[in-house]
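Remember, it's a predicted structure, so these values are computed and weren't measured experimentally. In what follows, every chain begins at residue 1, and chains take the letters A, B, ... in the order their sequences are listed.
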There are 2 protein chains.
Amino acid sequence: MNYSRQRESIKEYLMSTREHPTAEVIYQHVREEYPKISLGTVYRNLTLLVDLGEVKKISTGDGTEHYDGDTSAHSHYYCRCCHRIFDVEVTPSIDQILAASSVGLGTVEQAALLFTGVCKDCINNDNNV
Amino acid sequence: MNYSRQRESIKEYLMSTREHPTAEVIYQHVREEYPKISLGTVYRNLTLLVDLGEVKKISTGDGTEHYDGDTSAHSHYYCRCCHRIFDVEVTPSIDQILAASSVGLGTVEQAALLFTGVCKDCINNDNNV
DNA sequence: ATAAAAATAATAATAATTACTATTTTTATA
DNA sequence: TATAAAAATAGTAATTATTATTATTTTTAT
């Protein structure tokens, strides 16, 4: 695999933000540095980075995937109104759950814990229901 | 909301199977009883049933959503090779995790715990990697 | 400097899902 | 039971996220 500045830029952005952007948001951001980058390049590199374990993909069921540059074991809270994802630390931690769980069905490569609800901002803005 | 036999059939199928079918698979199944049902009807009713809390949607990130007629608190194991989903009971249980976790970011309506790996069948069939 | 290998931009294609609309089904009421 | 309003459907078109294709450009080893 060769170096690519576009890939570096994608990775850098994901490492620097605490948000959990979609491919489209990443595209818009990286475009500021590389205006000619194409959305396909973003998708291809995201898949690559996920396969390498340098980035995590978060599936919320809202129709588009989100990406996370923080690969440490942590869980997520998803607001079904504003579609934002927040980091949460739970007790026991996700890796404690993983360690304690003998799934017994095959290999376990990862565990994802996702809470869903309506965030405080959306409640305050009457953006809920 | 009015009664509909198509919706009943979808729900019945989801309650009867231990699999976690996609909309397409549900469509093919319900078609045996109602050959004229359209895929749009399946999607519309699945969304409805999920909103009513009678069915759960499972997002694995494999490009299509899966549905589960078992709404009791339980977790899932997803095989990234054969794309099947299996029920798993973990310790502590998903509702114990939910109870113990003070997310503090807003309301928490649900918690989903998903393990991902390669299932035994796929390992045996060298369907892994 | 150069050539092979890999990556890209631009675009086309695919696949899952949603929207639209004329027709049919359901349901409340006479 | 007949009927009419409301809701749901089938069939189809449209949308959206994602993947595939290909000619060109970038990277890297020599």
Side-chain angles (χ1 to χ4, degrees), chain A residues 1-14 19-52 54-68 78 80-85, chain B residues 1-14 19-52 54-68 78 80-85:
Chain A
M1 194 179 84
N2 279 355
Y3 169 89
S4 118
R5 24 198 177 152
Q6 290 88 338
R7 187 188 307 133
E8 277 313 298
S9 181
I10 290 167
K11 204 172 136 187
E12 234 171 65
Y13 170 51
L14 281 172
E19 290 173 37
H20 302 78
T22 62
E24 179 66 32
V25 170
I26 295 164
Y27 172 60
Q28 295 303 342
H29 197 277
V30 175
R31 226 141 86 94
E32 290 171 18
E33 190 179 6
Y34 296 102
K36 304 209 98 184
I37 196 173
S38 84
L39 191 50
T41 298
V42 173
Y43 273 108
R44 186 168 27 74
N45 280 299
L46 284 171
T47 304
L48 239 152
L49 291 167
V50 168
D51 287 350
L52 291 171
E54 297 182 29
V55 159
K56 286 203 174 172
K57 185 161 89 162
I58 309 167
S59 302
T60 65
D62 73 350
T64 179
E65 303 293 331
H66 295 250
Y67 296 87
D68 191 349
Y78 168 68
R80 64 170 169 78
C81 291
C82 62
H83 304 286
R84 284 185 298 173
I85 295 172
Chain B
M1 194 180 86
N2 279 354
Y3 168 90
S4 118
R5 26 200 175 150
Q6 290 89 337
R7 187 187 308 134
E8 278 313 298
S9 181
I10 290 167
K11 203 170 135 188
E12 234 172 64
Y13 170 52
L14 280 173
E19 289 173 38
H20 302 78
T22 62
E24 179 65 34
V25 170
I26 295 164
Y27 171 60
Q28 295 302 341
H29 197 275
V30 175
R31 228 141 85 95
E32 289 169 19
E33 189 179 5
Y34 296 101
K36 304 209 100 188
I37 197 174
S38 83
L39 190 50
T41 298
V42 174
Y43 273 107
R44 187 167 26 74
N45 280 298
L46 284 172
T47 303
L48 238 151
L49 291 167
V50 168
D51 286 349
L52 291 170
E54 297 181 30
V55 159
K56 286 204 176 174
K57 185 161 88 162
I58 309 167
S59 302
T60 66
D62 74 349
T64 179
E65 303 294 330
H66 295 251
Y67 296 87
D68 191 349
Y78 168 68
R80 66 171 168 79
C81 291
C82 63
H83 304 284
R84 284 185 296 174
I85 294 172

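As rounded to whole Å, 18 Å separates atom P of dA15(C) from atom CD of Glu65(B). Distance Tyr27(B) OH to dT12(D) C1': 12 Å, rounded to the nearest Å. Summarising the geometry, the separation between CG on Leu48(A) and P on dA7(C) is reported as 7 Å, rounded to the nearest angstrom. Between the CD atom of Glu8(A) and the P atom of dT26(D) there is a distance of 17 Å, rounded to whole Å. Distance, Arg5(B) CZ to dT25(C) P: 6 Å, rounded to whole Å. In this structure, the CG atom of Asp51(B) is 11 Å from the P atom of dT18(C), given to the nearest Å. One atom, CD1 of Ile37(B), and another, P of dT24(C), lie 17 Å apart when rounded to the nearest Å. For Arg7(A) and dT26(D), the CZ to P distance is 16 Å, given to the nearest whole Å.
Ring geometry for His29(B) against Tyr13(B) counts as parallel: the plane angle stays under 30°, on a 0 to 90° scale with 60° as the upper cut.
Applying the 4.0 Å criterion to OP1 and OP2 of dA4(C), one finds that Asn2(A) has every side-chain N and O outside that range. Tyr43(B) has a side-chain polar atom (N or O) that falls below the 4.0 Å cut-off from OP1 or OP2 of dT17(C). Side-chain N/O atoms of Gln6(A) include one lying less than 4.0 angstrom from OP1 or OP2 on dA9(C). Between Ser4(B) and dT9(D) there is a side-chain polar atom (N or O) within less than 4.0 angstrom of OP1 or OP2. Under 4.0 angstrom from either OP1 or OP2 of dT19(D) there lies no side-chain N or O belonging to Arg44(A). Close to dA7(C), at under 4.0 Å from its OP1 or OP2, lies no side-chain N or O of Thr41(A). For the pair Lys36(A) and dA10(C), the criterion of a side-chain N or O lying under 4.0 Å from OP1 or OP2 is met.
A donor-acceptor pair under 3.5 Å is formed between the side chain of Arg7(B) and the backbone N or O of Asn2(B). Put simply, the side chain of Thr47(B) gets close to the backbone of Tyr43(B): a donor and an acceptor are under 3.5 Å apart.
Mapped onto DNA chain C by nearest heavy atom, Asn45(A) and Gly63(B) fall at different nucleotides, with Asn45(A) at the one closer to the 5' end. Taking for each of Tyr3(B) and Gly40(B) the nucleotide of DNA chain D with the nearest heavy atom, the 5'-most of the two is the partner of Tyr3(B).
As the counterpart of dT28(D), dA3(C) is assigned, both hydrogen-bonding distances of the Watson-Crick or G-U wobble pattern falling under 3.5 Å.
Distance from the side chain of Ser38(A) is smallest to dA10(C) among dT26(C), dA17(D), dA10(C). Of the candidates dT9(D), dA8(D), dT18(D), dA8(D) carries the atom nearest the Met1(B) side chain, counting heavy atoms from C-beta on.
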CA sep, side-chain torsions, deciding dist, call: Glu33(A), Ser9(A), side-chain hydrogen bond (donor to acceptor under 3.5 Å, both in side chains): CA-CA 8 Å; Glu33(A) 190 179 6; Ser9(A) 181; 2.9 Å; yes
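Annotation for Val42(B) and Ile10(B): closest pair CA-CD1, 3.9 Å, computed over non-hydrogen atoms.
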